[in-house]
Structures are given as C-alpha cells and as structure tokens.
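The next block holds one structure in the form of structure tokens; read it before the comments.
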Amino acid sequence: MPGKKYPQPVDTYIGVITPEGVIESSWKKVSLTGIEVKEYGFSKAVQILCPDEWKAPLGDEWEDILSIIIAKCSPETYLRKEKEIRQEGEFHCQFDDQAGMLNWWICKMHGITLEDLEPLKSIYLIYLEKEKAVSRISDAQQKLLDQMGIGDALCC
C-alpha cells in the first residue's frame, strides 16, 4: 500500500492462486441491503387454481377479494408488495363465506384444499434490487405442484 513501510492485509477475495498465476473469481458481489423475501408458492398456486365458477358471481371485484383471502391465509404474501390490497370494509361480502366457497370450488375442480397447499408457503419470492428470484422448491413441493398440473407455473 502506498505510504506504508510494510504490507497491509486486505480482506478481498481475488480468486484462486495456481502455479500459472491467479485465476480471478467470476462471482459477482451482491449487496444484501436491498433484499426482500415474501411468501410466493401458496399465493401463486391459489391464484392459478382459482376457478372461473368462483370468480363469476363476484364480478369485477373477484381479484381484490381473492387477494384479501390470500393475505388472510398468508400474511407475508408477495401480493402485498406487488399491488395495494384493499381493505375488507370496502366490499359488501362475507370473506369467510367467500373463502369457504373458494376452498370448495378448488377442491371440486382440482381435488385439493387450501389446507393441502400449506407446504407451498415456504416457497419464497426474493427481491434483489431490480431482480426477482424464486427460492428452491423441494421435491415434495414439486410433486404437489405437478399433481395439480402447475409444476412449471411458479416462475417470475
């Protein structure tokens, strides 16, 4: 280091030293300060599996009502980051009844309940500044997704 009489230790990874020289690392340093992690698997699966028969009676408000139901089941849902979720009081419907009907329709159409989707709550959407990535999906989770026919649908 300029101005010093002896070498100074440096805490920087430069790569691998071989007899031929230094092979520089191809790893990219990422700042961890801008990372956010939100629940994704359960929320996305419910969105995909939501049948038209449940949506139709709710008219144009079905998407907002679905978002509220998902947020009640999974408070850390990625939907809270992607869009503003309206308050229950802004709607004239019984959310517990709508959640029950949604569960019934999903069970009727796909043979699975919202409770069966609980293992998907540990699939996360990771926000890295301007990038998004889906966390690792376990074999059991992948099997559940494949069983429902949405195995490849959980990508950003």
Side-chain angles (χ1 to χ4, degrees), residues 11-16 23-156:
D11 190 15
T12 304
Y13 181 72
I14 59 170
V16 179
I23 301 173
E24 290 187 25
S25 172
S26 62
W27 288 77
K28 182 181 175 185
K29 208 175 211 183
V30 177
S31 169
L32 299 178
T33 58
I35 293 178
E36 282 188 71
V37 178
K38 298 291 182 183
E39 181 278 316
Y40 181 69
F42 174 85
S43 300
K44 188 68 173 177
V46 173
Q47 285 179 305
I48 293 168
L49 297 174
C50 183
D52 291 337
E53 291 81 357
W54 180 83
K55 297 174 187 176
L58 299 173
D60 293 338
E61 296 184 326
W62 74 266
E63 195 169 8
D64 290 324
I65 293 170
L66 179 62
S67 295
I68 291 169
I69 291 170
I70 290 171
K72 286 176 83 171
C73 294
S74 182
E76 292 301 316
T77 180
Y78 81 104
L79 295 173
R80 290 192 188 277
K81 179 157 176 71
E82 300 281 321
K83 66 180 215 154
E84 180 146 351
I85 296 178
R86 294 168 55 192
Q87 299 296 316
E88 284 185 46
E90 298 179 41
F91 299 93
H92 299 288
C93 74
Q94 297 294 322
F95 281 90
D96 290 338
D97 292 344
Q98 288 301 327
M101 287 303 298
L102 175 63
N103 195 31
W104 184 85
W105 275 109
I106 289 175
C107 186
K108 181 178 180 181
M109 304 294 281
H110 304 283
I112 199 157
T113 66
L114 294 178
E115 193 173 283
D116 296 330
L117 299 176
E118 289 284 323
L120 301 179
K121 285 186 178 179
S122 61
I123 299 173
Y124 301 101
L125 186 58
I126 303 156
Y127 296 88
L128 301 153
E129 295 178 7
K130 296 178 185 175
E131 301 292 323
K132 291 188 231 178
V134 176
S135 67
R136 182 169 287 139
I137 298 172
S138 72
D139 291 340
Q141 290 167 328
Q142 189 63 53
K143 184 177 178 182
L144 179 59
L145 293 168
D146 291 341
Q147 173 188 337
M148 295 179 293
I150 59 171
D152 296 329
L154 294 189
C155 56
C156 299

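Just so you know, residue 1 is the first one in the sequence shown, and it goes up from there.
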Would you say the side-chain atoms of Glu90 pair up with the backbone N or O of Gln87, donor to acceptor, closer than 3.5 Å?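 Indeed, once roles are kept as given, a pair shorter than 3.5 Å links the two residues.
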
Distance-only, no hydrogens or angles: does the Arg80 side chain make a donor-acceptor pair with backbone N or O of Pro75 under 3.5 Å? yes

Which heavy atom of [X] sits nearest to which heavy atom of [Y], and what is that distance?
X	Y	answer
Ala45	Leu120	CB-CD1, 3.7 Å
Phe42	Glu118	CD1-N, 4.4 Å
Phe95	Ile69	CD2-CG1, 4.2 Å
Cys50	Leu102	SG-CD1, 3.8 Å
Pro51	Ile106	CD-CG1, 3.9 Å
Ile85	Ala71	CD1-CB, 4.0 Å

Trp54 side chain reached by Leu49 side chain, heavy atoms, under 4.5 Å: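 Not touching, per the 4.5 Å side-chain cut-off.
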
Under 4.5 Å between any side-chain heavy atoms of Gln98 and Ile68, yes or no? no

Supply the atom-to-atom distance [X] [atom1] to [Y] [atom2], rounded to the nearest 0.5 angstrom.
X	Y	atom1	atom2	answer
Phe91	Asp64	CZ	CG	4.5 Å
Leu79	Ser67	CG	OG	5.0 Å
Thr113	Trp104	OG1	CH2	14.5 Å
Ile48	His110	CD1	NE2	10.0 Å
Tyr78	Glu39	OH	CD	9.0 Å
Ser74	Leu117	OG	CG	11.0 Å

Side chain to side chain contact (heavy atoms under 4.5 Å, CB included), that's the test. Do Leu125 and Val134 meet it? Break it down for me. CA-CA 5 Å; Leu125 186 58; Val134 176; 4.1 Å; yes

Any carboxylate oxygen within less than 4.0 angstrom of a Lys/Arg side-chain nitrogen, looking at Lys38 and Glu82?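 Glu82 and Lys38: not salt-bridged.
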
Hey, mind stepping through Asp52 and Met109 against side chain to side chain contact (heavy atoms under 4.5 Å, CB included) and telling me if it holds? CA-CA 10 Å; Asp52 291 337; Met109 304 294 281; over 6 Å; no

Just wondering, are more than 12 heavy atoms of other shown residues or ligands nearer than 6.0 Å to [atom1] in [X]?
X	atom1	value
Gln47	CD	yes
Asp152	CG	no
Lys108	NZ	no
Glu84	CD	no

With a 3.5 Å cut-off and sequence neighbours excluded, list the donor-acceptor pairs that the side chains of residues 137-149 form with protein atoms.
{"from": "Ser138", "atom 1": "OG", "to": "Gln141", "atom 2": "N", "distance (Å)": "3.1"}
{"from": "Ser138", "atom 1": "OG", "to": "Gln141", "atom 2": "OE1", "distance (Å)": "3.2"}
{"from": "Gln141", "atom 1": "OE1", "to": "Ser138", "atom 2": "N", "distance (Å)": "2.8"}
{"from": "Gln141", "atom 1": "NE2", "to": "Pro119", "atom 2": "O", "distance (Å)": "2.8"}
{"from": "Gln141", "atom 1": "NE2", "to": "Ser122", "atom 2": "OG", "distance (Å)": "2.8"}
{"from": "Gln142", "atom 1": "NE2", "to": "Asp146", "atom 2": "OD1", "distance (Å)": "3.0"}
{"from": "Gln142", "atom 1": "NE2", "to": "Gly151", "atom 2": "O", "distance (Å)": "3.2"}

Only counting residues at least two apart or in another chain, list the ones meeting side chain to side chain donor-acceptor pair (under 3.5 Å) with Lys81.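 Glu36.
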
